[in-house]
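First up is the structure itself, then whatever we jot down about it.
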Amino acid sequence: MKIGLAYDLKADIETGRDFPEDALEEYDSKEVVNAIAAVLQSLDHDVVKLGGGRKFLSGILRKEIDFVFNIAEGRGNYRSREAQIPSVLEMLSIPYSGSDPETLTITLDKPLTKQLVQDAGINTPPWVVISSLQELKNMPDKYLPIPAFIKPAFEGSSKGIRLSSRADAISQIRSTVRTLLKRYGQPVLVEKYIAGEEVTVGIVGNSPPLIVGIMHIIPRKIFKTFVYSLEVKRDWRKLVEYECPARFSSSIIKKIKDASLMAYKTLGCRDFSRMDFRLSEEGIPFFLEVNPLPGLNPESGDLPIMSYKMGWTYNRLIKSIVEAALARYGDVFKSSHNI
Ligand SMILES: Nc1ncnc2c1ncn2[C@@H]1O[C@H](COP(=O)(O)OP(=O)(O)O)[C@@H](O)[C@H]1O
Ligand SMILES: [Mg+2]
């Protein structure tokens, strides 16, 4: 089968002087693309590196692509940027891996995602959204949670998240909101800070979805307050340890599993995803966000790392994602492509 790879490389994106320092954080490197391509080739597929943006558009129209493996984050800072590539593929009736435009749009919008999972009975930290300086001014202190965690509403990859994103005082919340409104040009999410353990959950497949692993992220040194922030993610080998399977009590593990699978279903995730939680000091999992396009860097991606710890190879991970996607398109598609 001829598989196109859709991706956005850091090197392909132009930034200006007024862009935040982490503007390219979500985009991929050549190593990731080569690693995925190598797996697909080992499965006897022809791989065409389509890239993203205009290059993707001309490639997808010119080359006869049977299926697209999509890891493209999309262009611009639109909140539906992750839906760009799947929308084009649906327009052209070309099958692809991963979630559809609607899910990718919803999940990049953290407040909307929180509302949906909360309506499905999942715990998520209480929150308010502040969209402008005027709204900030009008927001009574009593609606601001303390301690708070403050982040851009439509970002991922730790963009706008630092060790300083936690605030203990109203004045600190207000000044952090002000800074993020200016720097990221989008609404700001102010959440109650959840003090307990950091957990991420990997899921692959559809019917039924399978939990690949539940990974506990443990700081290597004592932090006053630990945040799995950009600083930590960039220096992960030194700063954190990954425990997978996480050694929590069986009742906590069950709560995490139930919440993850419920959120996956509620949000319409497909083929694979990674979900982040914090445990409260009483051991209740609080949903933070879902990543329907989780990083697949074979060395540093949380999903690949947790897969290795659960005895999977990188090949098995990528193959499982492709198989989950192909199964959705059914036997007719598969037999017409000799799969
Ligand atoms: N409400 C919160 N309470 C405590 N820590 C939080 C909260 N929200 C986010 N964090 C910390 O910030 C990290 C990144 O936040 P997250 O919402 O997962 O954004 P990203 O899309 O950047 O990964 C989390 O893994 C966690 O360590
Ligand atoms: Mg996260």
Side-chain angles (χ1 to χ4, degrees), residues 6-10 13 15 19-20 22-28 32 52-53 56 68 70-90 96-120 122 124-125 127-131 149-161 165 180-181 183-191 200-203 228-230 233 260 263-277 286-297 301-303 321:
Y7 53 85
D8 288 302
L9 294 184
K10 288 189 187 4
I13 314 287
T15 51
F19 277 60
D22 54 13
L24 298 183
E25 210 56 37
E26 64 193 331
Y27 296 118
D28 277 298
V32 183
F56 167 83
V68 170
N70 176 38
I71 59 164
E73 303 281 347
R75 301 296 174 96
N77 80 339
Y78 310 104
R79 65 180 171 175
S80 48
R81 61 187 179 268
E82 290 184 1
Q84 291 167 1
I85 297 278
S87 300
V88 171
L89 293 171
E90 291 193 353
Y96 61 95
S97 64
S99 297
D100 78 348
E102 183 169 339
T103 293
L104 292 168
T105 300
I106 290 170
T107 54
L108 199 60
D109 182 332
K110 284 182 172 151
L112 178 56
T113 303
K114 283 165 66 70
Q115 187 64 56
L116 292 173
V117 300
Q118 179 169 279
D119 291 351
I122 300 163
T124 185
W127 77 98
V128 289
V129 177
I130 300 173
S131 304
F149 197 86
I150 304 139
K151 49 190 167 185
F154 313 139
E155 293 295 351
S157 312
S158 282
K159 284 165 79 177
I161 295 186
S165 302
L180 291 188
L181 279 173
R183 192 171 294 158
Y184 292 90
Q186 59 182 282
V188 172
L189 171 59
V190 182
E191 273 186 337
T200 191
V201 182
I203 300 182
Y228 196 31
S229 63
L230 195 63
K233 288 180 187 171
S260 306
Y264 194 82
K265 181 165 180 272
T266 301
L267 299 166
C269 297
R270 288 195 320 207
D271 305 341
F272 71 130
S273 280
R274 224 200 64 234
M275 236 167 259
D276 297 336
F277 291 87
F286 279 80
F287 171 95
L288 298 182
E289 60 139 5
V290 58
N291 303 289
L293 291 176
L296 291 176
N297 187 306
D302 284 344
L303 181 60
I321 297 168

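Since the structure is predicted, the reported quantities are computational estimates derived from the model, not experimental observations.
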Exercise. Do Glu191 and Lys114 pass the salt bridge (charged side-chain N to carboxylate O under 4.0 Å, His left out) test, and can you show the C-alpha distance, the side-chain angles, and the key distance before you say yes or no?
Worked result: CA-CA 11 Å; Glu191 273 186 337; Lys114 283 165 66 70; 2.6 Å; yes
Exercise. Run the side-chain contact (heavy atoms from CB on, under 4.5 Å) check on Gln84 and Tyr78 step by step: do they pass?
Worked result: CA-CA 10 Å; Gln84 291 167 1; Tyr78 310 104; 3.9 Å; yes
If I take atom [atom1] from residue [X] and atom [atom2] from residue [Y], how far apart are they, to the nearest 0.5 angstrom?
| X | Y | atom1 | atom2 | value |
| --- | --- | --- | --- | --- |
| Ile85 | Tyr96 | CD1 | OH | 11.0 Å |
| Arg79 | Gln186 | CZ | CD | 10.5 Å |
| Thr107 | Asn291 | OG1 | CG | 8.0 Å |
| Arg274 | Ser260 | CZ | OG | 11.5 Å |
| Ile321 | Leu303 | CD1 | CG | 6.0 Å |
| Ile71 | Leu293 | CD1 | CG | 8.5 Å |

For this session: Walk me through it: do Tyr264 and Val201 pass the test side-chain contact (heavy atoms from CB on, under 4.5 Å)?
Result: CA-CA 11 Å; Tyr264 194 82; Val201 182; over 6 Å; no
Problem set entry | Asn70 side chain to Ser97 side chain, donor-acceptor N/O pair below 3.5 angstrom |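 Checked: Asn70/Ser97 side chains show no N/O donor-acceptor pair below 3.5 Å.
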Problem set entry | Exceeds 12 heavy-atom contacts within 6.0 angstrom, atom CZ of Arg75 |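 Check passes, neighbour count above 12.
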Problem set entry | Over 12 non-hydrogen atoms of neighbours within 6.0 angstrom of CD in Gln115 |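 Enclosed: over 12 neighbouring heavy atoms sit under 6.0 Å from CD of Gln115.
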Ignoring hydrogens and angles, tell me if any N or O in the side chain of [X] forms a donor-acceptor pair with the backbone of [Y] under 3.5 Å.
| X | Y | value |
| --- | --- | --- |
| Arg270 | Gly98 | yes |
| Ser99 | Leu104 | no |
| Thr124 | Phe286 | no |
| Thr103 | Gly268 | yes |
| Asp8 | Gly74 | yes |

For this session: Begin with the C-alpha distance, continue with both residues' side-chain angles, and end with the deciding distance and a verdict on side-chain contact (heavy atoms from CB on, under 4.5 Å) for Leu296 and Phe272.
Result: CA-CA 11 Å; Leu296 291 176; Phe272 71 130; 4.0 Å; yes
Exercise. How far apart are the C-alpha atoms of Phe287 and Thr113, what are their side-chain angles, what is the distance that settles it, and do they pass the side-chain contact (heavy atoms from CB on, under 4.5 Å) test?
Worked result: CA-CA 10 Å; Phe287 171 95; Thr113 303; 3.8 Å; yes
For this session: Can you spot which of Pro152, Pro111, Pro125 makes a side-chain contact (heavy atoms from CB on, under 4.5 Å) with Leu189?
Result: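 Exactly one candidate clears the test, Pro111.
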Non-hydrogen atoms of [X] and [Y] that approach each other most closely:
| X | Y | value |
| --- | --- | --- |
| Asn77 | Tyr184 | ND2-O, 3.6 Å |
| Val290 | Pro292 | O-CD, 3.5 Å |
| Pro187 | Phe154 | CD-CE1, 3.5 Å |

Exercise. What's the verdict on salt bridge (charged side-chain N to carboxylate O under 4.0 Å, His left out) for Arg81 and Glu155, showing C-alpha distance, side-chain angles and the deciding distance?
Worked result: CA-CA 10 Å; Arg81 61 187 179 268; Glu155 293 295 351; 2.8 Å; yes
Exercise. Does the side chain of Phe149 come within less than 4.5 Å of Leu288's, by heavy atoms?
Worked result: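 Of all side-chain heavy-atom pairs linking Phe149 with Leu288, none is under 4.5 Å.
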